S.K.: 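Below is one structure. I have some questions about it.
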Amino acid sequence: MSEFIKFFDELSKEDVSLVGGKNANLGEMISKANVPVPFGFAITAKAYQYFIEKNNLYSKISVEMKRLTDINDTKTLQSVGKNIREMIEGADIPEDLEQEIKESYRKLAEKIGIEKPFVAVRSSATAEDLPGASFAGQQETYLNVRGEEELIEKTKKCFASLFTDRAIFYRIEKGFDWRKVSLSVGVQKMVNSKAAGVMFTLDVRNGDTSKIVIEGAWGLGEYIVQGTVTPDHWLVDKETMKIVETKISDKPIMLLRAPGGGNIEQTVMEDMRRKPCLTDEQVIELARYGKQLEEHYQHAEDIEWALDADENKLYIIQCRPETFWSERKGTEAKVITKAEAVLTGLAASPGVGIGAVKKVIELRDLSKVQKGDVLVTKMTTPDMVPAMEKASAIVTDEGGSTSHAAIVSRELGIPCVVGTGEATKKLNDGEIITVDGSSGKVYLGKLEIEAREEEDYSNLPETKTKIYVNLGIPGIAEKIAKRPVDGVGLMREEFILATYVKEHPLALIEQGRQQFFIDKLAEGIEKVVKAFNPRPVILRFSDFKTNEYRELKGGEKFEPHEDNPMLGWRGCSRYVSPKYKDAFVLELEAVKKVRAKGYKNLWVMLPFPRTVKEVVEVEKIMEEHGLKRGEDLKLILMAEIPSNIFLADKFSEHCDGFSIGSNDLTQLILGVDRDSEILGKMGYFDERNEAVLRAIEHLIKTAHEKGKIVGICGQAPSNYPDFARFLVKCGIDSISVNPDVIAKTRRIVAEAEKELGRGL
Ligand code: PEP
Ligand code: MG
């Protein structure tokens with residue numbers, strides 16, 4: 001058997017070091033999961049090495065690489081890259097190898113019964129010693145390649161793409177020796193897709209694993225993914241393998257592959273528009289493949305399929321683990337038990353925690369909480385943070401997925417279930433419970449569990465979109481700063497106030513102790529900016545609601561009672577109010593103090609800016625106190641009120657950029673109290689609602705037209721991988737996520753950038 005060529009049916013996932021991850025997985029699907037994948041073969045890493053050796057390219061490339069003494073020297077990098085690529089493309093593939101590739105192409109043609117078939121020629125990089133290294137998306141792919149000569153030419157181009165400027169930069173930065181990285185090429189039949197679509201091996205609307213969802217439309221699958229065409233929809237029962245739901249849509253347009261490359265849109269003929277794009281038999285056949293893949297990989301799958309027009313045959317094009325529901329429910333399976341849950345709430349922070357119940361009804365109960373206990377309370381407040389840090393899990397009666405308890409516990413990495421309704425009633429002090437923060441369930445007693453999976457920070461791809469982290473608790477800044485993040489997209493000042501200052505600023509002013517406030521706040525801020533320096537830290541000025549301010553020592557005297565503090569005196573409206581302005585000035589003084597120490601990476605952000613007028617006033621107060629936005633002090637506005645969206649052009653005049661607060665924005669666009677457990681459980685609070693998506697898209701577009709940057713610091717991209725993909729599609733500049741999903745988000749964003757051709 002040849003070491004240079006492997007047909008897909010000879011490959012499995014064990015062959016990553018020989019043919020790279022992409023080819024190995026195609027092989028795995030064909031040979032192990034027995035599903036039809038467009039057939040083809042891999043030109044192995046050995047073939048690449050043979051080509052390089054025969055042409056004496058190792059020493060020539062070496063000479064070039066030595067010229068590159070500084071990877072940040074872009075000019076040299078570009079010239080080195082160009083020279084190497086030209087050397088590779090200009091070299092000849094050794095005769096014996098060339099013949100073997102051509103012969104394999106002929107064999108492929110024979111096997112699929114098409115003369116001179118169109119093929120896709122794909123790079124699949126692989127690293128010796130590091131079979132798991134991900135170079136995904138860095139090298140080239142060529143579609144619609146036809147004929148032996150073109151195949152040889154494109155193969156060389158793939159080889160050369162191992163030395164794109166970006167790939168050279170990436171490898172040096174990550175410390176990979178270029179000699180140890182090879183390239184395998186996949187040569188695969190192009191599907192001439194008559195219809196295409198997606199399939200999930202669970203019901204994506206509710207996570208029901210007993211069903212398979214299939215969606216499809218005419219032509220290529222892109223229009224379904226983009227949402228341009230409403231697809232036909234089928235629901236298949238996994239047990240009986242019967243179709244239990246069918247919805248056929250009007251599909252007026254389709255995307256087809258243009259003969260000369262690229263895609264073209266076409267109108268669908270009148271009699272085809274409302275016709276199902278698959279027969280019932282085809283739907284069942286697909287569902288069977290879905291089931292096989294799920295069984296093979298032991299995981300719910302997210303699959304792309306296509307129906308080939310020439311052969312009238314179904315193909316699986318891509319298969320990857322389903323993430324949204326699986327990650328929410330994934331750890332649920334880790335509670336290995338048949339026990340009945342005593343309480344059910346919302347899954348707020350993943351993982352499983354076991355410990356003795358400590359109910360916190362009044363603040364003085366806080367001292368009861370010892371390391372490893374489960375903190376059970378109506379709803380957490382900033383005062384509870386030190387106790388929360390000690391807990392092995394947190395359970396609350398109230399609150400939604402963006403409530404204080406949810407946010408803090410995710411930041412601390414502590415499992416949490418919110419909105420159970422009656423935890424403080426049903427649970428008794430001292431009893432041992434098991435809390436599954438991934439499914440939102442609470443069990444009595446100690447149940448068997450598996451450890452929570454840690455994030456994998458190795459071999460992370462580069463992204464053009466900056467990945468920031470949300471942070472509140474300064475104490476963990478140093479730890480988090482070691483992770484691969486580009487800065488802090490949201491540092492919530494409330495946490496510093498609650499843990500460092502603890503007293504109400506107006507009470508302190510009354511006692512003449514304003515310096516204490518400035519010093520303590522500055523101390524907390526400095527911890528964070530120091531840990532992240534020179535990466536930016538966006539400090540958001542205080543966004544406590546009146547009820548929360550009242551919790552600070554001495555607060556009762558200064559905080560009015562409001563029936564609806566969420567929509568009350570919060571954010572900018574406080575800073576411009578004669579009743580709070582003096583306290584806001586102390587916040588400014590603290591920022592000034594930290595910046596005066598040389599921490600120019602400290603930027604500031606205004607929460608809840610309802611009107612442009614208010615922002616203008618705040619800007620003026622800032623200037624009066626020596627904080628003028630400009631070159632090194634950026635002023636960011638939270639975009640979290642519909643007014644921010646509608647008047648994005650006007651708000652743009654008074655800031656350097658926006659940060660989308662998808663939590664409040666969703667609440668205010670949909671009219672859904674973000675803390676309502678009733679609506680939360682009914683699924684109303686959903687940032688993926690089209691109204692919210694359109695708002696975000698509009699904001700990004702408008703702000704960019706005005707030359708302003710846009711990021712996001714709400715919870716949505718931390719919870720939903722698809723949301724991050726959507727944001728990349730809209731061209732967002734930065735995404736700020738919880739500390740526990742940094743690596744995951746970076747991978748998703750890199751993939752999305754690659755798909756959109758927007759990467760580095
Ligand atoms: C938001 O509203 O999305 C946000 C990030 O701010 P907070 O959750 O603190 O209101
Ligand atoms: Mg908000």
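Source: prediction; values computed, not measured. First listed ligand is number 1; within each ligand, the first listed atom is number 1. For this chain, numbers begin at 1 and follow the sequence in order.
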S.K.: What part of Leu490 sits under 4.0 Å from ligand 1 if we count only heavy atoms: the side chain, the backbone, both or neither?
M.R.: side chain
S.K.: From the N, O or S atoms in Asp664, identify the one nearest to the Mg ion (ligand 2).
M.R.: OD2
S.K.: Which of the numbered atoms in ligand 1 are below 4.0 angstrom from a heavy atom of Arg570?
M.R.: 10 (O)
S.K.: With distance as the sole test, does Asn601 use its side chain to make a donor-acceptor pair with the main-chain N or O of Val529 at under 3.5 Å?
M.R.: yes
S.K.: Does the N or O separation between Gln715 and ligand 1 drop below 3.5 Å for any pair?
M.R.: no
S.K.: Relative to the ring of Tyr575, is the ring of Phe584 parallel (under 30°), tilted (30 to 60°) or perpendicular (over 60°)?
M.R.: parallel
S.K.: For ligand 1, note which part of Arg674 has a heavy atom under 4.0 Å away: side chain, backbone, both or neither.
M.R.: side chain
S.K.: With Val488 as reference, evaluate Val528, Ile480, Ile538 under the side chain to side chain contact (heavy atoms under 4.5 Å, CB included) test and give the passing residue.
M.R.: Val528
S.K.: Ligand 1 versus Met566, non-hydrogen atoms closer than 4.0 Å: side chain, backbone, both, neither?
M.R.: neither
S.K.: Hey, which N, O or S atom on Glu640 ends up closest to the Mg ion (ligand 2)?
M.R.: OE1
S.K.: Taking 4.0 angstrom as the limit and counting only heavy atoms of Cys713, give me the atoms of ligand 1 inside it, by number and element.
M.R.: 5 (C)
S.K.: Between the side chains of Glu753 and Thr465, does any donor sit under 3.5 Å from an acceptor?
M.R.: yes
S.K.: What residue and heavy atom of the protein are closest to atom 6 (O) of ligand 1, and at what distance?
M.R.: Arg540 NH1, 2.9 Å
S.K.: Does Asp673 reach the main-chain N or O of Asp675 with its side chain, forming a donor-acceptor pair under 3.5 Å?
M.R.: yes
S.K.: If you draw the axis of the six-membered ring of Phe495, does the NZ or CZ of Arg492 fall within 45° of it and under 6.0 Å from the ring centre?
M.R.: no
S.K.: Pairs of nitrogen or oxygen atoms closer than 3.5 Å, one from Glu494 and one from ligand 1: do any exist?
M.R.: no
S.K.: Given the rule in the side chain to side chain donor-acceptor pair (under 3.5 Å) test, do His561 and Asn547 qualify, once you have shown the distances and angles that lead to the verdict?
M.R.: CA-CA 7 Å; His561 172 83; Asn547 58 324; over 6 Å; no
S.K.: Could you work out, for atom 4 (C) of ligand 1, the closest of Lys545, Glu687, Met638 by heavy-atom distance?
M.R.: Met638
S.K.: Centroid-to-centroid, Tyr549 to Tyr580, below 6.0 Å?
M.R.: yes
